Amino acid sequence: MTLEYLRNQVKAGLLDEVPASRELGLRMLQTARTRLKDAGIAQASSETRFDCAYTCIRAVGDLGLLLHGLRTSSRPGHHMASIQNLKHTLGVDDATVRVLDGLRKQRNLAGYEGDLVTEAALAECLKQAAMLLARAEQRLRDEGWIEREPR
């Protein structure tokens, strides 16, 4: 179902096919790591920290697509496509995808309507970003894109 679902997303114009590039994947991984680190800077505003953690989530979503030789199209909704396809690219469960989509909506409210980010929303975004990044790093180790951690 997963590969068929992703192929249908390509046919619908929501995703584009691209060569799976280890170099690009590693740059995306570094972006995710840097943004999560930046999100941990307590002196920054909640909105900045939330945006950094959300960018980590989105970068991991894009990385998951890249592992399948895909990327989001330039059409509106590319953030949503990146997050909602995590089920198919990195095996994220439906409940977590719903939480991540809620964080996407919160990011839009903060960025486009000036809503303030609550401490609870920030904490959830940080938690989800860290868990998703760890999942992506494990997948990259499994795929041989990064070295396994020494035991």
Side-chain angles (χ1 to χ4, degrees), residues 1-42 44 46-108 110-111 117 121-151:
M1 164 77 177
T2 292
L3 292 178
E4 181 181 335
Y5 180 85
L6 292 172
R7 278 192 219 107
N8 287 336
Q9 296 262 314
V10 171
K11 289 178 188 174
L14 299 171
L15 299 176
D16 295 327
E17 293 179 321
V18 295
S21 164
R22 182 177 184 270
E23 180 183 338
L24 176 57
L26 294 178
R27 285 197 322 258
M28 293 168 84
L29 176 64
Q30 188 56 47
T31 293
R33 287 173 169 166
T34 299
R35 291 305 176 118
L36 184 57
K37 181 180 175 188
D38 291 349
I41 299 172
S46 293
E47 289 72 26
T48 296
R49 295 177 68 203
F50 183 93
D51 190 60
C52 287
Y54 173 80
T55 300
C56 171
I57 291 168
R58 199 194 76 244
V60 170
D62 292 344
L63 178 55
L65 287 168
L66 182 66
L67 287 167
H68 288 82
L70 301 167
R71 70 172 178 209
T72 57
S73 71
S74 58
R75 296 170 67 175
H78 60 276
H79 285 216
M80 183 169 42
S82 179
I83 288 171
Q84 291 181 345
N85 279 305
L86 282 165
K87 174 181 179 175
H88 304 284
T89 60
L90 293 178
V92 174
D93 63 81
D94 289 333
T96 301
V97 170
R98 284 191 296 276
V99 169
L100 296 172
D101 197 50
L103 294 171
R104 177 190 62 80
K105 290 174 185 174
Q106 175 63 49
R107 179 255 182 196
N108 288 345
V117 173
L122 174 58
E124 186 65 32
C125 198
L126 289 166
K127 175 182 139 188
Q128 293 297 330
M131 289 188 327
L132 199 57
L133 179 58
R135 180 184 284 261
E137 288 172 335
Q138 182 58 53
R139 175 69 182 273
L140 291 175
R141 281 190 287 280
D142 293 347
E143 297 284 331
W145 284 30
I146 59 176
E147 292 184 25
R148 295 202 173 274
E149 294 175 353
R151 293 184 183 228

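Sequence positions, counted from 1, serve as the residue numbers for this chain. Note that the coordinates shown come from a computational prediction; the quantities given were computed from them, not determined experimentally.
Panel note: side chain Arg49, backbone Ala39; a donor-acceptor pair is recorded below 3.5 Å. The backbone N or O of Asp93 sits nowhere less than 3.5 Å from a side-chain atom of Arg98 that would complete a donor-acceptor pair. In this structure, Gln128 contributes its side chain and Leu100 its backbone to no donor-acceptor pair below 3.5 Å. Distance alone, capped at 3.5 Å, places no donor-acceptor pair between the Thr96 side chain and the Val92 backbone. Judged by distance alone, with hydrogens and angles left aside, the side-chain atoms of Thr31 form a donor-acceptor pair with the main-chain N or O of Arg27 at under 3.5 Å.
Salt bridge annotation for Arg139-Asp142: absent, with no cationic side-chain nitrogen under 4.0 angstrom from a carboxylate oxygen. In summary, Glu143 and Arg22 do not engage in a salt bridge, as defined by a charged side-chain N under 4.0 Å from a carboxylate O. Taking a cutoff of 4.0 Å between a charged side-chain nitrogen and a carboxylate oxygen, Arg71 and Asp62 do not qualify as a salt bridge.
Considering all non-hydrogen atoms of both residues, Ala129 and Leu36 come closest at CB-CD1, 3.8 Å. Here the closest heavy-atom approach between residue Cys56 and residue Leu133 is recorded as SG-CB, 4.3 Å. Across Leu86 and Gly61, no two heavy atoms sit closer than the pair CD2-CA, 3.6 Å. Taking both residues in full, the closest heavy atoms of Ala32 and Ala59 are given as CB-CB, 4.0 Å, listed atom of the first, atom of the second, then distance. The two residues Leu103 and Phe50 have their closest heavy-atom pair at O-CZ, 3.5 Å.
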Side-chain donor-acceptor pairs of residues 6-19 under 3.5 Å, sequence neighbours excluded:
from: Asn8; atom 1: ND2; to: Glu4; atom 2: O; distance (Å): 3.4
from: Gln9; atom 1: OE1; to: Asn85; atom 2: ND2; distance (Å): 3.3
from: Gln9; atom 1: NE2; to: Tyr5; atom 2: OH; distance (Å): 3.1

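Counting heavy atoms from C-beta on, the side chains of Ile83 and Tyr54 come closer than 4.5 Å. Looking only at side-chain heavy atoms (C-beta outward), Cys125 and Ile57 come within less than 4.5 Å of each other. Counting heavy atoms from C-beta on, the side chains of Arg141 and Glu147 never come closer than 4.5 Å. Using a 4.5 Å cut-off on side-chain heavy atoms (C-beta onward), Arg35 and Arg58 make no contact. Under the 4.5 Å side-chain criterion, counting only non-hydrogen atoms from C-beta, Arg107 is not in contact with Thr55.
Note that the CG atom of Leu126 and the SG atom of Cys52 stand 9.5 Å from one another [nearest 0.5 Å]. From Gln106, atom CD reaches atom CG of Leu122 across 10.0 Å, with rounding to the nearest 0.5 Å.
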Requested in this report: Apply the test side chain to side chain contact (heavy atoms under 4.5 Å, CB included) to residues Trp145 and Leu29: give CA-CA distance (whole Å), side-chain angles for both, the deciding distance (0.1 Å), then the verdict.
Outcome: CA-CA 11 Å; Trp145 284 30; Leu29 176 64; over 6 Å; no
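In this structure, the side-chain contact (heavy atoms from CB on, under 4.5 Å) partners of Ala136, at least two apart in sequence or on a different chain, are Val60, Leu63, Leu90.
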